[in-house]
Protein chains: 2
Amino acid sequence: MSKQTQIDQILEELKNFIEPKRLLTQLEDLVSFSYDASFGVYLPEIVVQPTSTDEVQKLMKLANKYKVPVYPRGQGTSLSGGPLPVKGGMVLDFSQWDQKLEIYPDDLIAVVSPGVLTSDINAAANEYGLMYPPDPSSSNVSTIGGNLAENAGGPRGLKYGVTKDYVIGLEAVTPEGEIFRTGGRTVKNVTGYDLTKLIVGSEGTLAVITEAILRLFPKPPATKTLMAIFNDIVDSGRAISKVLSSGILPSKMELMDQASVVAVENYQPLGLPTDIEAILLIELDGHPQAIEEEIVKVEQICKEVGAREVKVSRNEEEALQLWKARKLVSPAIARIKPTKISEDATVPRSKIPEMFKRLKEIKNKYQIDLVVFGHAGDGNLHPNIIADQRDVEEMKRVEKAVEEIFAAAVELGGTLSGEHGIGTMKAPFLEMELGKVGIEMMKRIKQSWDPNNILNPGKIFPEEGQRFVLRSE
Amino acid sequence: MSKQTQIDQILEELKNFIEPKRLLTQLEDLVSFSYDASFGVYLPEIVVQPTSTDEVQKLMKLANKYKVPVYPRGQGTSLSGGPLPVKGGMVLDFSQWDQKLEIYPDDLIAVVSPGVLTSDINAAANEYGLMYPPDPSSSNVSTIGGNLAENAGGPRGLKYGVTKDYVIGLEAVTPEGEIFRTGGRTVKNVTGYDLTKLIVGSEGTLAVITEAILRLFPKPPATKTLMAIFNDIVDSGRAISKVLSSGILPSKMELMDQASVVAVENYQPLGLPTDIEAILLIELDGHPQAIEEEIVKVEQICKEVGAREVKVSRNEEEALQLWKARKLVSPAIARIKPTKISEDATVPRSKIPEMFKRLKEIKNKYQIDLVVFGHAGDGNLHPNIIADQRDVEEMKRVEKAVEEIFAAAVELGGTLSGEHGIGTMKAPFLEMELGKVGIEMMKRIKQSWDPNNILNPGKIFPEEGQRFVLRSE
């Protein structure tokens with residue numbers, strides 16, 4: 001059977017249970033689902049927008065019948081290629097399935113459908129004095145389904161953990177089209193293997209999530225922000241360690257290096273000094289009196305380890321002003337050159353100063369534009385390389401630099417990815433971190449669940465001889 | 001080859017890499033490893049006490065060569081039969097492997113070998129102003145290896161979560177004898193599938209844990225305890241809900257029902273009123289001023305919903321006095337009759353009052369001695385049935401009552417097990433909660449990792465026609 005005939009047959013069957021407006025096959029529609037926020041463009045053959053578990057089940061059975069790849073997708077904000085339809089086939093666009101967003105304040109849980117935007121969950125929880133802590137920077141535009149697939153992080157991860165820490169139950173469809181539930185509505189549950197936490201973060205390769213039960217937390221009554229400016233970036237690393245071992249657990253500890261600050265000042269001047277090596281932004285949350293006292297302690301620690309200047313917000317408005325710089329880093333650096341390679345290599349906290357040293361060496365060695373900012377408090381830095389994709393020579397240098405960044409992170413006892421996922425981008429480096437046995441045990445799970453390799457194929461696991469390439473060769 | 005010949009051959013090979021004193025074959029030694037804190041006695045053929053990863057690897061390869069079952073074991077405090085050698089073979093006793101207990105305060109982590117006692121980890125962390133939050137009631141005598149296998153909980157689970165929430169990396173040996181590492185020293189890590197959280201809580205059926213990397217938290221500077229006494233148990237449930245939705249997250253919320261209080265007063269009189277239906281014990285931790293203010297709010301809430309009396313500790317000594325009652329429940333009820341069936345069926349928080357009603361009905365229907373206490377704040381109650389194993393008629397009623405308790409928990413949206421595990425005890429009820437597909441997906445993982453079914457066989461998954469029996473038939 002030719003590929004086109006097969007696609008036509010699948011379409012015929014799809015029309016039996018999907019309304020026409022949620023079944024896209026026109027080129028102009030398909031193009032919208034051919035990319036995400038990472039690299040590469042891959043055209044799917046069909047895009048389906050399911051809005052029920054029953055539809056997903058039928059879709060998966062159909063895909064298995066015709067052995068056609070299925071690519072689940074939220075809003076396509078992935079930085080690692082999670083939803084890219086690298087082998088064509090069907091994209092399941094979940095962005096239309098945002099109908100269910102239920103808060104159960106007595107149980108401290110939310111029940112949501114996969115297309116709900118992450119920030120909407122937090123907003124709904126806020127109405128009951130609760131919060132949904134995970135706060136990836138894309139939370140205003142990304143779906144909870146995508147966050148679940150990638151186990152999204154965010155600044156508040158330092159104190160509150162990541163998406164996975166808030167998922168206690170799922171409804172999902174297996175790659176072969178069977179519906180099942182994992183976990184439930186209780187925080188404690190040790191009945192059988194923890195399929196919930198296996199599926200969350202599996203990048204859409206093990207099951208299609210159709211509903212999630214999320215834990216909520218009481219919203220802390222107050223927050224307070226401090227900005228500390230350092231002439232020496234190593235001192236900022238010492239400040240982080242000292243604060244964390246002083247008994248204080250901030251809700252956020254974000255860092256901007258000199259290049260980030262310079263980029264922001266060039267983009268939208270805030271009056272920050274540019275002759276410095278690092279700025280730390282620290283947020284405390286909790287009881288008002290407690291954080292009032294703690295912020296004084298944090299200020300002292302920063303000064304003791306050599307901060308040149310420390311500013312403490314006196315009110316919400318001042319706090320927003322201090323955070324503005326951090327929020328502007330991404331748009332500011334995007335202006336420098338058209339191509340931004342955003343990494344999330346993560347190291348143990350104590351290795352942050354050493355990682356800074358390595359990054360500086362790599363920057364000099366390959367003569368690249370490297371900007372470092374991110375969630376320094378949990379070792380989850382974001383080294384961003386700014387380049388121009390049309391400059392082949394530059395891109396070759398960038399590829400080598402990225403390889404060395406990964407190697408440095410793993411060598412320092414860290415990981416390739418703290419929160420973006422492996423996707424297509426980091427698959428070639430997987431063995432460096434996991435070893436042959438680690439990959440083998442993961443593959444056994446994948447093969448036993450998805451014998452036809454239908455669900456999100458081409459992700460996480462490197463293909464034979466796959467290399468890291470940012471250019472179209 | 002006869003079974004004895006096979007055992008003799010295995011012993012010969014074991015002598016090549018295990019010193020004689022850590023290789024036990026005498027009946028009097030084997031007997032010590034034939035039971036745990038649940039039901040049933042099963043004699044192993046060999047007990048080995050490994051103290052290195054290399055030894056575990058060789059052991060697993062040997063076990064696969066001879067297709068002999070392997071049963072990892074900590075201190076044998078399991079309430080669900082986790083370490084019971086139900087099919088004979090080899091017990092791997094990890095209690096001697098307690099050499100490694102390293103605290104890295106800058107990284108907020110501990111690295112431990114499997115035989116370390118759980119409370120020793122917390123004590124070592126305390127020296128750096130840190131804590132290891134999970135606190136199963138067995139923590140003074142149970143090993144971290146056993147806690148990892150079962151994903152142990154405890155009272156602090158309400159605020160701090162369970163064992164799994166604190167494990168960020170493992171070294172483990174596959175059922176076929178390959179060494180691998182999962183996760184690492186960073187809190188954020190999304191490289192590949194989360195094998196760490198799959199192995200933790202898999203009850204020793206998927207891999208043998210040889211080292212663990214655990215997260216530590218800053219130790220809160222102060223705690224405060226409150227005891228609230230209720231004439232109506234339903235009011236105590238309302239108090240729990242109201243406190244949790246008021247923005248306060250206590251570190252512990254423990255409940256004792258009337259039968260628990262009566263048992264304690266008969267065992268060691270503390271002057272508690274016995275004409276009541278429930279006592280709540282609530283602990284707050286955090287900043288001293290913050291909890292000083294919060295405890296007033298908790299007191300108000302308890303009184304508003306109808307508490308007959310509320311006592312607040314003024315100092316550490318008074319707090320210990322209030323907690324004494326809770327600590328005495330287990331020894332007190334053990335005196336009533338010789339056999340204690342300790343369950344951990346867990347329901348969503350909002351269903352606690354309904355669960356109390358169901359438990360009362362079950363108690364009356366089967367005329368059993370039922371005592372209810374436990375971690376009410378997260379819905380993780382401990383219905384304990386007190387009986388005499390020699391009374392066959394009574395045990396039959398107990399078996400039926402336990403079945404109904406499980407059914408009630410699942411019907412109310414809860415789970416068979418909040419923190420004890422499935423083991424041998426609850427396997428017959430697995431399908432009730434997970435459904436056929438859920439079990440099938442778990443079995444696929446087990447089969448793909450352990451094709452010879454060597455590692456802890458006879459646990460979690462029910463055997464054909466397996467029924468729940470507490471009697472020796």
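Residue numbers begin at 1 in each chain, while the letters A, B, ... track the order of the sequences. Keep in mind that this is a model prediction, so the values were computed, not measured.
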_Checking side-chain polar atoms at under 3.5 Å, does A:T191 have a donor or acceptor matched by the opposite partner on B:T415?_
yes
*B:R349/A:D106 salt bridge by N-O under 4.0 Å criterion*: no
*Is it true that a side-chain atom of B:R185 and a backbone atom of A:G413 form a donor plus acceptor pair closer than 3.5 Å?*
no
With a 4.5 angstrom heavy-atom cut-off, is it the side chain or the backbone of [X] that approaches chain B, or both, or neither?
{"X": "A:L430", "answer": "side chain"}
{"X": "A:E433", "answer": "side chain"}
{"X": "A:N380", "answer": "side chain"}
{"X": "A:H420", "answer": "backbone"}
{"X": "A:E176", "answer": "side chain"}
{"X": "A:K164", "answer": "side chain"}
{"X": "A:E293", "answer": "side chain"}

Which bit of [X] is near chain A, if near means a heavy-atom gap under 4.5 Å: side chain, backbone, both or neither?
{"X": "B:L244", "result": "both"}
{"X": "B:F429", "result": "neither"}
{"X": "B:Y104", "result": "neither"}
{"X": "B:L195", "result": "side chain"}
{"X": "B:I179", "result": "backbone"}

*Looking only at non-hydrogen atoms, find the nearest pair between A:G192 and B:M442 and report the distance.*
CA-SD, 3.8 Å
*Indicate the atoms forming the closest heavy-atom contact of B:P218 with A:L249, along with that distance.*
CG-CB, 4.1 Å
*If we only count heavy atoms from C-beta on, is the B:K188 to A:H375 side-chain gap below 4.5 Å?*
yes
*Do the non-hydrogen side-chain atoms of A:V437 and B:T174 ever get within less than 4.5 Å of each other?*
yes
*What do the steps show when you test B:L434 against A:F180 for side-chain contact (heavy atoms from CB on, under 4.5 Å), and what is the final call?*
CA-CA 8 Å; B:L434 299 176; A:F180 67 122; over 6 Å; no
*Take B:K446 and A:Y193 through the test side-chain contact (heavy atoms from CB on, under 4.5 Å) and record every step on the way to the result.*
CA-CA 9 Å; B:K446 169 67 174 171; A:Y193 299 158; 3.6 Å; yes
*Only pairs at least two apart or in different chains count here, so list each salt bridge (charged side-chain N to carboxylate O under 4.0 Å, His left out) that has a residue in residues 239-249 of chain A.*
A:K242-A:E304
*Might you work through the side-chain contact (heavy atoms from CB on, under 4.5 Å) test for B:T186 and A:D378, ending with a clear yes or no?*
CA-CA 7 Å; B:T186 62; A:D378 51 23; over 6 Å; no
*Any residue of residues 196-205 of chain A which, by heavy atoms, sits under 4.5 Å from chain B*: A:K197, A:L198, A:G201, A:S202, A:E203, A:T205
_I'd like to know which of A:I291, A:L158, A:L206 tops the heavy-atom pair count under 4.5 Å against chain B._
A:L206
